[in-house]
*Asks:* 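Pasting in a structure now, in structure tokens, and then I'll have a few things to ask.
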Amino acid sequence: AQSVAQPEDQVNVAEGNPLTVKCTYSVSGNPYLFWYVQYPNRGLQFLLKYITGDNLVKGSYGFEAEFNKSQTSFHLKKPSALVSDSALYFCAVRVSMEYGNKLVFGAGTILRVKS
Amino acid sequence: NAGVTQTPKFQVLKTGQSMTLQCAQDMNHEYMSWYRQDPGMGLRLIHYSVGAGITDQGEVPNGYNVSRSTTEDFPLRLLSAAPSQTSVYFCASSYSGVPSGNTIYFGEGSWLTVV
């Protein structure tokens with residue numbers, strides 16, 4: 001089955017320190033990978049995506065993600081965490097359907113940044 | 001440009017009642033979808049549409065009905081609400097169902113409680 005896994009329910013990091021939110025995927029063919037962020041009582045906001053090209057993808061709010069084909073991973077990173085980065089983060093992969101495509105989401109990782 | 005608009009934001013239903021969650025987008029997107037978000041399970045696709053008059057089932061379609069009479073609107077109907085349908089519902093849209101990694105845009109969510 002085509003899926004994504006986020007192995008950590010929660011990640012805690014001190015403000016100013018680098019952060020990593022992990023994601024691994026299992027798909028057939030070339031993966032199209034996405035990261036979304038959800039703030040409390042809000043919808044999902046797009047952060048970044050990997051389609052092809054450079055393995056390091058830069059996105060919104062200073063986030064970046066590194067695509068690693070051999071490890072089937074797409075970890076989200078930020079060099080210096082902010083308290084305002086605290087939110088729920090979802091990794092997703094595109095999956096083909098009969099009439100188009102859909103996103104399959106991981107279970108989500110709560111990021112808590114403490115001052 | 002309002003993006004993806006969902007109504008209502010909050011709703012409490014009694015078991016057996018029916019209701020419709022409204023979703024509208026003003027971006028002329030062909031692809032629209034409904035997801036439900038449950039703790040520890042990420043987002044799961046309920047139904048989707050690749051254009052007016054075309055709908056199909058996602059992962060968890062039972063108990064829900066959709067139609068797509070216009071490009072802009074994609075309502076989700078709960079036929080006979082059950083407590084298991086207590087969830088947060090997100091409507092999403094994009095150009096052509098993420099064929100080449102088109103970004104999916106989400107509404108703000110609808111919190112539904114069935115008692």
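In what follows, chains are A, B, ... by sequence order, proteins preceding strands, each numbered from 1.
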*Asks:* Kindly work out whether a path of hydrophobic side-chain contacts (I/L/V/M/F/W/Y, heavy atoms less than 4.5 Å apart) joins Leu79(B) to Val66(B).
*Replies:*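 The answer is no; the residues belong to distinct hydrophobic clusters.
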*Asks:* Can Leu19(A) be reached from Tyr39(A) by stepping across I, L, V, M, F, W or Y side chains whose heavy atoms are under 4.5 Å apart?
*Replies:*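 The answer is yes; both residues are in one hydrophobic cluster.
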*Asks:* Between Leu44(A) and Tyr48(B), is there shared hydrophobic-cluster membership here, with clusters defined by ILVMFWY side-chain heavy atoms closer than 4.5 Å?
*Replies:*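 Linked, Leu44(A) and Tyr48(B) end up in one cluster.
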*Asks:* Tell me, yes or no, whether the heavy-atom count around Tyr105(B) atom OH, taken from other residues, nucleotides or ligands under 6.0 Å, exceeds 12.
*Replies:*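 Count not over threshold, so no.
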*Asks:* Can you tell which part of Gln38(A) gets under 4.5 Å to a heavy atom of chain B, answering side chain, backbone, both or neither?
*Replies:*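 It is the side chain, since no backbone atom gets that close.
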*Asks:* For Lys9(B), I'd like to know if atom NZ has over 12 heavy atoms of other residues, nucleotides or ligands within 6.0 Å.
*Replies:*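 For Lys9(B), atom NZ is crowded (more than 12 foreign heavy atoms under 6.0 Å).
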*Asks:* Could you name the residues of residues 32-41 of chain B that have a heavy atom within less than 4.5 Å of a heavy atom in chain A?
*Replies:*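 Answer by number: Tyr35(B), Gln37(B), Gly40(B), Met41(B).
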*Asks:* Yes or no on ring pair (Phe, Tyr, Trp, His ring centres under 6.0 Å) for Tyr36(A) and Phe106(B), after CA distance, side-chain angles and deciding distance?
*Replies:* CA-CA 10 Å; Tyr36(A) 283 83; Phe106(B) 286 85; 5.3 Å; yes
*Asks:* Is it the case that atom CZ in Arg112(A) sees more than 12 heavy atoms from other parts of the structure closer than 6.0 Å?
*Replies:*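 Open: at most 12 neighbouring heavy atoms sit under 6.0 Å from CZ of Arg112(A).
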*Asks:* Between Val114(B) and Ile46(B), is there shared hydrophobic-cluster membership here, with clusters defined by ILVMFWY side-chain heavy atoms closer than 4.5 Å?
*Replies:*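 Per the 4.5 Å side-chain linkage, Val114(B) and Ile46(B) are co-clustered.
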*Asks:* Work out which heavy atom in Leu43(B) is nearest to a heavy atom in Phe90(A); give both atom names and the distance.
*Replies:*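 Scanning both residues, the minimum pair turns out to be CD1-CZ, 3.9 Å.
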*Asks:* Rounded to the nearest 0.5 Å, what separation is found between the CZ atom of Phe34(A) and the CD1 atom of Ile104(B)?
*Replies:*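 One gets 7.0 Å once the value is rounded to the nearest 0.5 Å.
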*Asks:* Grouping I, L, V, M, F, W and Y whenever their side-chain heavy atoms are under 4.5 Å apart, do Leu76(B) and Leu103(A) come out in a common cluster?
*Replies:*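 Different hydrophobic clusters.
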*Asks:* Side chain, backbone, both or neither: which part of Leu88(A) has a non-hydrogen atom closer than 4.5 Å to chain B?
*Replies:*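 Contact with chain B involves the side chain of Leu88(A) alone.
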